[in-house]
Amino acid sequence: MKLMIASDLHGSAFYAQKLLDAFRIEQPEKLLLLGDLLYHGPRNALPMEYDCMATAGLLNGIKDQIIAVRGNCDCEVDQMVLEFPMLADCALLEWEGLTLYATHGHLWNEEHVPPMAEGTVLLNGHFHVPTAHRHEGWHYINPGSTSIPKGDSVGSYLILEDGVFTWKAMNSAPYQHYVVRAGKVAEIFQEHMPWGLRGDPFLWDRLQQHFADVDLPYPPERFREDVLRIFQEVTGGRPEDQDAYYVEEFSKIHTGMSSGQVCCFFWRNAIEELTRRLAARNAEIS
């Protein structure tokens with residue numbers, strides 16, 4: 001399921017229309033709005049095509065698909081023209097196994113954290129700056145502002161799908177990702193390379209099992225050391241020392257011409273490829 005998240009329209013009919021255009025492109029199940037929908041606020045310049053009633057009309061057009069919380073610029077008079085609830089200070093959502101604590105940010109934020117269960121994602125608007133931080137036991141996410149971006153950012157919204165937050169500019173171009181479920185190192189073994197000899201799949205499986213409970217991110221150099229250590233424990237040598245090693249326990253599992261043989265050429269290349277995959281996976285969740 002896809003969740004779209006946006007904040008801080010501040011009455012811009014221009015960006016409200018852009019948001020609805022993106023909504024139709026993305027086709028999410030719900031649009032979560034994190035407050036400051038209609039009023040520009042005394043500290044902000046007027047956004048493009050500032051028109052509170054036109055903005056309200058556009059949002060009301062998809063009222064059944066909106067979940068909203070109140071911002072510090074929202075009040076009872078705004079609720080009079082909006083046809084969906086938007087005066088709650090926070091909303092707690094369960095989405096694809098993730099717990100989302102949605103609140104504008106003027107009451108609860110990264111520096112003033114609400115009571116939350118471990119693993120919760122705290123969603124804020126308010127600061128107008130796209131942000132993603134991994135804390136011990138929780139995550140902090142801010143989509144930025146659709147209409148008044150700050151801190152050299154661009155107007156943007158968020159998509160949450162399959163445990164990944166993706167920031168997109170208002171033209172729907174993605175520019176940043178954050179993976180909530182960091183996962184395990186064993187993930188990089190899911191797609192194997194073309195085998196060299198018949199013993200290679202069994203050593204591959206041995207390594208995948210070893211890293212099944214090792215959390216990402218994980219240092220690539222330490223990973224390489226671990227793989228070489230396990231390789232030597234299993235084969236009795238190093239991959240650069242000879243062409244192949246015979247491993248008796250592997251020969252009992254699969255018979256054939258190269259039964260039990262571990263190909264060193266394969267493993268020299270595999271270690272490089274796996275290290276590259278690990279570095280890329282680390283970068284995704286950093």
query = With a 4.0 Å cut-off, would you call E76 and R70 a salt bridge?
reply = no
inquiry  = Any salt bridge linking E273 with R276? Criterion: basic side-chain nitrogen under 4.0 Å from a carboxylate oxygen.
reply    = yes
ask   = With the threshold set at 4.0 Å, does a side-chain nitrogen-carboxylate oxygen contact exist between E233 and R229?
value = yes
message = Less than 4.5 Å apart, side chain to side chain, heavy atoms only: is that true for Q232 and V234?
response = no
inquiry  = Check R268 with E240, please: is the shortest side-chain N to carboxylate O separation under 4.0 Å?
reply    = no
query = Would you say L32 and L158 make side-chain contact, with heavy atoms under 4.5 Å?
reply = no
inquiry  = Looking at K168, I'd like to know if its NZ atom is crowded, meaning that more than 12 non-hydrogen atoms belonging to other residues, nucleotides or ligands lie closer than 6.0 Å.
reply    = yes
ask   = With no hydrogens and no angle check, is any side-chain donor or acceptor of S147 less than 3.5 Å from a backbone partner on D8?
value = yes
request  = Please examine the side chains of V180 and L98, heavy atoms only from C-beta on, and report whether any two atoms are closer than 4.5 Å.
outcome  = yes
message = Less than 4.5 Å apart, side chain to side chain, heavy atoms only: is that true for L33 and S7?
response = no
ask   = Among side-chain atoms of H126 and N109, is any donor-acceptor pair under 3.5 angstrom?
value = no
query = Are D215 and K184 ion-paired here, with the side-chain N under 4.0 Å from a carboxylate O?
reply = yes
The single option from L123, N124, T120 passing side chain to side chain contact (heavy atoms under 4.5 Å, CB included) against Y101 = T120
ask   = Would the H106 and H112 ring centres measure less than 6.0 Å apart?
value = no
message = For a 4.5 angstrom cut-off between non-hydrogen side-chain atoms, does T166 reach Y175?
response = no
Check ion pair E26-K2 (N to O, under 4.0 angstrom) = yes
key: Residues Y50 and H10: side-chain donor-acceptor under 3.5 angstrom   = no
request  = Check the side chains of Y246 and S251 for a donor-acceptor pair under 3.5 angstrom, ignoring hydrogens and angles.
outcome  = yes
ask   = Counting only N and O atoms by type, is there a donor-acceptor contact under 3.5 Å from the side chain of Q79 to the main-chain atoms of M86?
value = yes
request  = Ignoring hydrogens and angles, state whether a donor on the side chain of E49 or Y15 is under 3.5 Å from an acceptor on the partner side chain.
outcome  = no
Test item: H128 side-chain N/O and S145 main-chain N/O as donor-acceptor pair under 3.5 Å = no
request  = Answer with yes or no after comparing the ring centroid distance for F223 and Y218 against a 6.0 Å cut-off, counting only values under it.
outcome  = no
ask   = With the threshold set at 4.0 Å, does a side-chain nitrogen-carboxylate oxygen contact exist between D21 and K18?
value = no
